[in-house]
Amino acid sequence: MKRIFFCFLLLVGSHYQSLGQIQSQKENNWKNFTYDMGNVFGGIGYSYSRPFHWEGDDWANFGYLAAGTAALFLVDDELNNWTNGFSEDVPGFITDYGHQYGNPNNNYMLTGGVYLAGLFTKNEKLRRTGVLLISTATAGGFLQQVSKRIVGRARPRSGASSGTYDPLHLDRVFNYDSFPSGHAMLAFSNAYAIAKQFKSPWIKAGLYTVGFIPGFVRIMDDFHWVSDVAFSTVLSIFIVESIDRYLDSKYNEKYNAQAKKISWNLNFGPGTMGVSARF
């Protein structure tokens with residue numbers, strides 16, 4: 001009888017210990033979740049405040065971005081006519097992927113999935129990646145939504161020229177919401193943020209290529225001009241880099257040292273225009 005009673009006490013004790021562990025795990029997950037969401041909003045605010053802290057090189061890069069975008073504005077119609085010449089040759093699965101992946105709903109399914117995987121597996125590096133993905137998507141997404149309404153640029157499919165605008169609307173005007181490209185910004189910021197976890201330049205290049213597909217497809221299907229996508233792609237790099245620096249002060253887990261050594265520069269001059277990365 002005593003042995004049975006002793007076994008009963010062990011079972012009861014084990015049960016309450018398991019309940020305590022589950023409760024402790026829930027509290028820890030909630031603590032990490034609230035901390036991470038605070039960093040999401042902190043990262044967004046940090047990225048928006050950076051222009052107030054820019055110095056010489058930062059302003060130079062902004063000037064290159066503005067000048068490069070303006071130069072593309074001048075040839076957008078010609079580039080659109082050129083891309084229309086082979087748009088029908090783009091495989092259907094590439095087109096479908098390009099339209100779907102940059103969609104905000106699908107984007108947040110991906111970014112949220114990455115974050116939750118890190119949260120429940122207690123992987124801080126993966127949690128940080130999820131925070132970076134969510135915050136950059138939100139910062140870029142809000143910025144491009146506001147910009148579309150302010151700029152009011154005609155889409156190629158509207159039939160109007162690249163220099164046609166209907167600006168300053170509280171609501172988006174159909175086919176007058178071309179600049180910048182939300183699909184390009186969301187897709188490339190995801191690819192760039194995920195690529196930070198890898199040292200291999202080949203893996204990085206592959207991820208960048210995949211991230212550029214939505215912007216490319218949007219050009220091919222006359223949703224955007226080349227300048228829309230080029231501007232959005234470069235801006236997404238700036239946003240990711242800015243928020244990543246902010247997160248460095250919030251998490252012990254850092255991305256590989258090689259990733260921090262990559263230097264991005266804008267090049268603009270006679271016969272030269274683009275973005276270069278030094279590994």
Side-chain angles (χ1 to χ4, degrees), residues 18-47 93 96-142 144 182-215 233 236-260 262:
S18 298
L19 289 178
Q21 290 175 346
I22 293 173
Q23 183 64 28
S24 176
Q25 183 176 350
K26 288 182 178 179
E27 291 175 355
N28 188 55
N29 284 342
W30 177 249
K31 180 180 178 180
N32 287 336
F33 176 78
T34 55
Y35 179 77
D36 294 336
M37 292 304 102
N39 288 333
V40 166
F41 289 104
I44 294 169
Y46 182 86
S47 67
F93 72 93
D96 292 340
Y97 170 80
H99 287 307
Q100 293 299 320
Y101 179 61
N103 182 282
N105 294 332
N106 294 332
N107 178 80
Y108 278 107
M109 287 178 61
L110 169 67
T111 58
V114 171
Y115 171 71
L116 290 176
L119 178 67
F120 290 117
T121 60
K122 304 185 185 305
N123 186 320
E124 184 179 302
K125 188 175 181 180
L126 199 55
R127 272 176 50 215
R128 174 188 166 140
T129 301
V131 170
L132 179 60
L133 289 168
I134 294 171
S135 53
T136 53
T138 305
F142 178 76
Q144 61 92 15
H183 279 69
M185 191 175 293
L186 290 176
F188 198 81
S189 64
N190 283 349
Y192 187 72
I194 293 172
K196 279 181 166 289
Q197 297 201 59
F198 300 94
K199 294 181 179 180
S200 170
W202 298 106
I203 295 179
K204 290 179 180 293
L207 288 168
Y208 297 157
T209 300
V210 172
F212 185 70
I213 289 175
T233 300
S236 68
I237 294 173
F238 291 168
I239 293 174
V240 172
E241 286 292 348
S242 175
I243 295 178
D244 189 39
R245 284 195 293 270
Y246 171 81
L247 296 180
D248 271 344
S249 64
K250 300 297 181 179
Y251 293 92
N252 293 324
E253 284 287 344
K254 313 297 181 186
Y255 292 122
N256 61 78
Q258 183 67 24
K260 296 298 182 183
I262 298 179

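Just so it is clear, the model here is predicted, and its values are computed rather than measured.
- Contact check for V131 versus K250: no side-chain heavy atoms found under the 4.5 Å cut-off.
- Summarising the local packing, CZ of F142 is surrounded by 12 or fewer heavy atoms from other residues, nucleotides or ligands at distances under 6.0 Å.
- Once rounded to the nearest 0.5 Å, the distance linking CG of L126 with CG of L116 reads 10.0 Å.
- Contact detail for A193 and L132: the closest heavy-atom pair is CB-CD2, 3.7 Å.
- Minimum interatomic distance between M185 and S236 (heavy atoms only, all atoms of both residues): O-CB, 3.7 Å.
- Scanning all heavy atoms of the two residues, the minimum distance from N190 to L133 falls at OD1-CD2, 3.5 Å.
- Side-chain atoms of R128 come within 3.5 Å of backbone N or O of D244 as a donor-acceptor pair.
- Donor-acceptor pairing under 3.5 Å is recorded for the side chains of D36 and Y251.
- Looking at T129, I203, L207 one by one, the single match for side-chain contact (heavy atoms from CB on, under 4.5 Å) with Q197 turns out to be T129.
- Taking CD1 of I194 as the reference point, atom OG1 of T111 lies at 9.5 Å (rounded to 0.5 Å).
- Scanning all heavy atoms of the two residues, the minimum distance from K196 to V240 falls at CE-CG1, 3.9 Å.
- Counting all heavy atoms, side chain and backbone alike, G140 lies closest to I239 at CA-CD1, 3.9 Å.
- Side chain of S47 to backbone of I44: a donor-acceptor contact under 3.5 angstrom is found.
- Contact check for T121 versus R127: no side-chain heavy atoms found under the 4.5 Å cut-off.
- Closest of all the heavy-atom pairs between P214 and V210 is CD-O, 3.5 Å.
- The local environment of CE in M109 is sparse, with at most 12 non-hydrogen atoms from other residues, nucleotides or ligands closer than 6.0 Å.
- Aromatic ring pairs are classed by plane angle as parallel below 30°, tilted from 30° to 60° and perpendicular above 60°; the pair Y246 and Y46 is tilted.
- Distance check: I243 CD1 to D248 CG gives 12.5 Å after rounding to the nearest 0.5 Å.
- Between F212 and F188, a ring centre-to-centre spacing not shorter than 6.0 Å is recorded.
- Remark: side-chain polar atoms of E124 are paired, donor with acceptor, to backbone N or O of N252 under 3.5 angstrom.
- Residue F33 holds its CZ atom at 10.5 Å from CG of N29, rounded to the nearest 0.5 Å.
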Pair T138-Y108, side chain to side chain contact (heavy atoms under 4.5 Å, CB included): steps then yes or no: CA-CA 9 Å; T138 305; Y108 278 107; 2.8 Å; yes
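- We find the NE2-CG distance between H183 and N107 to be 10.0 Å, quoted to the nearest 0.5 Å.
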